[in-house]
Protein chains: 2
Amino acid sequence: MTTIRDVARAAGVSIATVSRVFNGNPRVGEDTALRVWDAAGELDYWPNGAARSLTTSRTQTLGVLLPDLYGDFFSEVIRGIDQAARRAHFQILLSSSHADPIEIVAAARAMRGRVDGLIIMASDRGTAEAVLGFLGRQPLVFLNPYLDPDGCSAVSIDNRAGGRSAVEHLIALGHRVIATVRGPEGNIDAEERLGGYRDALAGAGLSASPQLELPGDFTETAGFRAVSGLLAAVPRPTAVFAANDAMAAGLLGGLRDAGVAVPGEMAVVGFDDIGVARCLTPPLTSVRVDVCELGRRAVQLLLETVGPDGPAPCRREVLPARLVLRESCGCRSRTELPVLARGAGDSGERDRI
Amino acid sequence: MTTIRDVARAAGVSIATVSRVFNGNPRVGEDTALRVWDAAGELDYWPNGAARSLTTSRTQTLGVLLPDLYGDFFSEVIRGIDQAARRAHFQILLSSSHADPIEIVAAARAMRGRVDGLIIMASDRGTAEAVLGFLGRQPLVFLNPYLDPDGCSAVSIDNRAGGRSAVEHLIALGHRVIATVRGPEGNIDAEERLGGYRDALAGAGLSASPQLELPGDFTETAGFRAVSGLLAAVPRPTAVFAANDAMAAGLLGGLRDAGVAVPGEMAVVGFDDIGVARCLTPPLTSVRVDVCELGRRAVQLLLETVGPDGPAPCRREVLPARLVLRESCGCRSRTELPVLARGAGDSGERDRI
DNA sequence: CAGCGCTATGGAAACGTTTTCAGATGATTT
DNA sequence: AAATCATCTGAAAACGTTTCCATAGCGCTG
């Protein structure tokens, strides 16, 4: 690997000058700079990142710790993070599959000296606090923490309000027995969405019941499996709120196989508004969340505290979740819709606005 | 930030000893090691990664360059990469949205000194070769290159065979006019799948036609939009092969809205076999690809060349693509299937085996 | 022409590690 | 008691940069 010294020798200058050229320092003669660029090009030289960050103690890199990488949700978060990061000329050091605080802390340690700050998604309750105890000193931003952590920024999704609005909509449509398919035990998003479901029921004076809260794990299969429990409940529910769209899709598949009409016999609402939601039969009513934006905001917050202006005060942001109405909830019958607009034209974007 | 010197002072030893302790060097007295661990714990010390890689010239990090991060495909690739990497105690430095070779090379340069090797996904034809010209010296693995690049490993998906098997199946079912919805212009996967489509037609003595090759860009919306072209073609096709499942889902949605029965009036086959494929109506026949494995293999190949055994000879791997039959192609009618097995039980996994 | 300020450049000291080499200590052998 | 040896530890030299400080050259001003 060629070093700055090789380039200096080839260009007949000192290493200080080469360094200046590569850092855009204007106090270098034009012809000298040209000679340096030539030599560097010839030797295929580029400054060594590790050495550079050792002296400057800046890395142009953000560490990202996620509990998992499976599914649309994480992929969108990363996409948002990457977008915002590359705009600021930062790179991303990624590590996932961190179940508990101990693993997170270990991974964060391993990143020491390689990152300027950390974005940590703590999907289980209490994780953020535990992690913060160990990692308190460095700049970090939490994604979707259970509570507002002290002394650091966080950005989260208003899962609770989203869940509530979905179920309130079902109630407004006249449903009185409404089931839900839960997310994984201990998962914050899942618990918050469940909380929104319960809030809505309570708000309407409807009673919650364990047999209406079916277990799930955010996979399509869980949705499929939930159908039997759904149909076995007494009294039988007329609507169901799935904690995410993958499970809602599973529900639709399972209900179709079981011969239950949607929304006629069973209204279905999901959460996330994934791309294929409008391609399902019937098109899935879902709670839209801009997950990509979640990632972008996290980066933004982190860069604020990392930035040259010194650490900004920590902030807390909450992203809204909005109900997107389609046919699976029963509030719009398909025939009411202008057929042409849903055809091959721009209908695809219509409910995306 | 506390350094090795602080720990050495606190523990009353030299920095060499502290370094030995943290690297598991056995030639350190037990009580000394204990004192060092204590001091390190007290001061919350962990070795600085940048400094470490500067001396050892190893980073325990793999660079990953992708053209994009949108959709199931990339998210699965990254998941596979992350899985294999963390098993080998490597981290991932990620950078995406690289449209052309120039950007890729720039991003790769910026990673110099921070990674031990690179995994590059060059989704456009010719990109791999162009990149290789600039980055030839360092260890790298290509994902899905257009041609086998010289002098480096690559792993790819057998898109062509997958596309061919899908269309051959439709032909075997008696279809004679078969359309396709293409992926993005210039995209390798898209072109290969299209190639498979044409191979199958040619193999059966059927003629290809531009009006049967509808444009698309791998999004659901593209599938929706393709419906009008599909129905306008003369003679009207009785089957369509979509270059990915997102577009196939869009097709199903659009065909449903247009009142065209699937598979009765129009058989549909997709590619990727995403999770919701079996939740669509009708369940989507698709070509299964283990994208996660693609990522895992790439890491494996890269670690072979990076590893302590010195650079292994470069290898080329091709992952198979297998047709998964469901109802949208018309070869299985829903009523023929055992209803119970497709109910709430294990049916979800049935066609996943 | 002395003195001054400005610009372009070089020398050298950091940055925080790992690792080689040598030395100290104490135990064992002759 | 001297010699050998094994074990543990420390001093110091890398690794490839950035950046502070010094200085050489040069055109002005007075």
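Scope of the values below: all heavy atoms of this structure, side chains included, with no hydrogens, waters or symmetry mates. First the proteins, then the strands, lettered A, B, ... as listed; each starts at 1.
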Check every strand shown and say whether S19(B) touches a base, only sugar-phosphate, or nothing at a heavy-atom separation below 4.0 Å.
-> base
Protein-nucleotide distance (N25(A), atom CG; dG10(C), atom P), rounded to Å = 13 Å
note: R27(A), atom CZ; dG10(C), atom P; distance rounded to Å ~ 15 Å
SB check R296(B) E76(B) (cutoff 4.0 Å) | no
Select from T17(B) and V18(A) the residue whose nearest nucleotide in DNA chain D is closer to the 5' end of that strand.
-> T17(B)
By nearest-nucleotide position on DNA chain D, the 5'-leaning member of I15(A) and T55(B) is T55(B)
Residues E30(A), R35(A): salt bridge by 4.0 Å N-O rule = no
OP1 or OP2 of dT18(C) less than 4.0 angstrom from a side-chain nitrogen or oxygen of R52(B), does that happen here?
-> yes
Residue pair S156(A) / R316(A), side-chain donor-acceptor N/O under 3.5 Å = yes
Taking the six-membered ring for Trp and the full ring for Phe, Tyr or His, determine whether the centres of W37(B) and Y45(B) are under 6.0 Å apart.
-> no
Mind checking which nucleotides bracket the chain A contacts on DNA chain D, 5' to 3', with an atom under 4.0 Å from a heavy atom?
-> dG16(D) to dC20(D)
Using only side-chain N and O atoms of S14(A), determine if any of them is under 4.0 Å from OP1 or OP2 of dT9(C).
-> no
Could you state the atom-to-atom distance from CD of E30(A) to C1' of dT9(C) in whole Å?
-> 16 Å
Identify the heavy atoms of A85(A) and I92(A) that sit nearest to each other, and give their distance.
-> CB-CG1, 4.1 Å
Contact check, side chains of E129(B) and F142(B), non-hydrogen atoms, under 4.5 Å | no
When all nucleic acid strands are considered with a 4.0 Å heavy-atom cut-off, which category describes Y45(B): base, sugar-phosphate, or nothing?
-> sugar-phosphate
With sugar-phosphate meaning primed atoms plus P, OP1 and OP2, does T56(B) contact a base, only sugar-phosphate, or nothing at under 4.0 Å between heavy atoms?
-> sugar-phosphate
T32(A) near the nucleic acid: base, sugar-phosphate alone, or nothing, with a heavy-atom cut-off under 4.0 Å?
-> sugar-phosphate
Nearest whole angstrom, please: distance from the C1' of dA8(C) to the CG of L34(A).
-> 16 Å
Between atom CG in L54(B) and atom P in dT18(C), what is the gap in whole Å?
-> 11 Å
How close or far is atom P of dT18(C) from atom CZ of R58(B), stated in whole angstroms?
-> 12 Å
Are any of the side-chain heavy atoms of Q60(A) and H89(A) separated by less than 4.5 Å?
-> yes
What is the distance, rounded to the nearest whole Å, between atom CE of M1(B) and atom P of dA14(C)?
-> 21 Å
